[in-house]
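One structure is given here, and the rest of the page talks about it.
We count residues from 1, following the sequence as given.
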Amino acid sequence: MRKILFIQFLLFSVFIFSQTEGKVIKVKDGDTVVVLLSDNIQETLRLAEVDCPEKGQAFGKNAKQFTSEAVFGKTVTFYRTGKDRYKRTVAKIFYDHNKYLSEEIIKAGFGWWYFKASKNVDLQKLQDTAKAKKLGLWMDKNAVSPWEYRKSRRKKNADNKSKAL
């Protein structure tokens with residue numbers, strides 16, 4: 001019994017002390033922000049569990065605007081969950097009395113639940129609701145996910161390179 005309590009205490013301690021606070025000083029796009037940490041170090045955070053439209057994609061500016069209005073200039077709490085292929089910190093960001101930013105983006109219809117990297121099916125339900133209500137990007141019945149958009153851009157770039165050769 002003591003062993004179980006010790007393990008629970010240890011896990012709880014790791015969870016509590018792994019949270020970090022920072023002030024959002026830049027919003028790069030709908031799912032990427034820069035925070036200023038207490039030691040004046042900047043850290044780029046890629047939001048966990050959500051993928052927003054790219055800058056050149058329909059609703060990309062809207063997603064960035066939503067994120068800006070939600071967190072720019074605010075002190076947020078975040079939990080690092082890993083690194084992405086661009087070496088950015090992937091994080092769960094909380095603001096305004098524990099609102100989960102990724103959840104709010106999906107709920108408003110400005111991002112897709114990133115099911116490839118998330119097991120949180122509640123986000124799928126929020127996405128389905130936003131889609132049914134035609135919120136945000138779901139106004140477009142032919143909305144293209146960011147990963148499909150990036151894939152088509154890579155293919156287009158590869159085709160252009162092969163034509164140039």
Side-chain angles (χ1 to χ4, degrees), residues 11 14-131 135-138 140 143-158:
L11 290 174
V14 168
F15 178 74
I16 291 298
F17 295 114
S18 66
Q19 71 183 13
T20 305
E21 284 191 347
K23 183 176 181 176
V24 177
I25 59 170
K26 183 175 184 178
V27 176
K28 290 186 171 188
D29 58 31
D31 54 29
T32 310
V33 300
V34 178
V35 294
L36 184 64
L37 305 175
S38 61
D39 51 2
N40 274 345
I41 293 177
Q42 294 182 20
E43 186 171 359
T44 299
L45 304 178
R46 168 66 172 83
L47 302 183
E49 303 186 302
V50 66
D51 201 358
C52 291
E54 298 294 324
K55 286 180 183 176
Q57 189 177 1
F59 292 94
K61 289 180 182 177
N62 304 80
K64 180 179 179 178
Q65 183 66 35
F66 181 88
T67 300
S68 293
E69 289 173 3
V71 297
F72 182 75
K74 295 181 181 178
T75 298
V76 298
T77 300
F78 64 93
Y79 303 88
R80 294 175 181 94
T81 63
K83 294 274 187 183
D84 68 7
R85 65 181 178 177
Y86 303 108
K87 307 287 188 249
R88 297 176 297 189
T89 299
V90 178
K92 293 184 177 187
I93 298 176
F94 296 86
Y95 69 105
D96 288 352
H97 308 293
N98 227 19
K99 284 185 180 178
Y100 179 34
L101 183 55
S102 296
E103 181 177 285
E104 297 300 319
I105 291 169
I106 293 168
K107 196 185 313 182
F110 290 114
W112 276 259
W113 170 50
Y114 197 53
F115 61 88
K116 296 176 184 178
S118 170
K119 292 180 172 73
N120 186 348
V121 294
D122 289 336
L123 297 176
Q124 169 73 62
K125 292 173 189 170
L126 292 172
Q127 178 177 298
D128 291 344
T129 301
K131 193 172 186 178
L135 299 176
L137 62 89
W138 300 113
D140 181 354
V144 177
S145 68
W147 53 89
E148 288 297 326
Y149 177 80
R150 290 188 294 266
K151 184 178 174 181
S152 70
R153 300 278 299 180
R154 284 191 301 270
K155 184 179 180 340
K156 187 177 181 179
N157 288 339

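Remark: Lys125 does not engage Asp128 in a salt bridge, criterion side-chain N to carboxylate O under 4.0 Å.
Judged by distance alone, the side chain of Thr77 and the main-chain N or O of Phe94 form no donor-acceptor pair under 3.5 Å. Put simply, the side chain of Ser102 gets close to the backbone of Ala48: a donor and an acceptor are under 3.5 Å apart. When atom types are taken as modelled, the side chain of Ser152 and the backbone of Tyr149 share a donor-acceptor pair closer than 3.5 angstrom. Using modelled atom types, one side-chain atom of Gln57 and one backbone atom of Val144 make a donor-acceptor pair closer than 3.5 Å. No donor-acceptor pair under 3.5 Å is formed between the side chain of Trp147 and the backbone N or O of Tyr114. Using modelled atom types, one side-chain atom of Asp31 and one backbone atom of Cys52 make a donor-acceptor pair closer than 3.5 Å.
Distance check, rounded to the nearest 0.5 Å: CG of Leu135 to NZ of Lys107 gives 11.0 Å. Atoms CD and CG, on Glu49 and Leu123 in that order, are 5.0 Å from each other to the nearest 0.5 Å. Taking CG of Leu47 as the reference point, atom CD of Glu104 lies at 12.0 Å (rounded to 0.5 Å). Rounded to the nearest 0.5 Å, atoms CG (Asp51) and CH2 (Trp113) are 13.0 Å apart. Atom CD of Glu21 and atom CG of Leu36 lie 12.5 Å apart (nearest 0.5 Å). With rounding to the nearest 0.5 Å, the separation of CD1 in Ile105 from CZ in Phe66 is 6.5 Å.
Between Glu43 and Val34, the closest side-chain pair of non-hydrogen atoms is not below 4.5 Å. For the pair Phe78/Leu101, no side-chain contact is recorded, criterion being any heavy-atom separation below 4.5 Å from C-beta on. At least one side-chain heavy atom of Leu45 sits under 4.5 Å from a side-chain heavy atom of Val35.
In this structure, Ile25 and Phe72 approach most closely via the heavy-atom pair O-CE1, 3.2 Å. The two residues Val33 and Thr67 make their nearest non-hydrogen contact at CG1-CG2, 3.9 Å. Closest approach of Lys28 and Lys55 over heavy atoms only: O-CE, 3.2 Å. When all heavy atoms of Pro53 and Trp112 are compared, the pair lying nearest together is CG-CZ3, 4.0 Å.
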Side chain to side chain contact (heavy atoms under 4.5 Å, CB included) between Lys74 and Val24, intermediate numbers included: CA-CA 6 Å; Lys74 295 181 181 178; Val24 177; 5.7 Å; no
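In Arg153, the CZ atom is not crowded: 12 or fewer heavy atoms of neighbouring residues, nucleotides or ligands sit closer than 6.0 Å. Within 6.0 Å of NZ in Lys83 there are more than 12 heavy atoms belonging to other residues, nucleotides or ligands. Atom NZ of Lys26 is surrounded by 12 or fewer heavy atoms from other residues, nucleotides or ligands within 6.0 Å.
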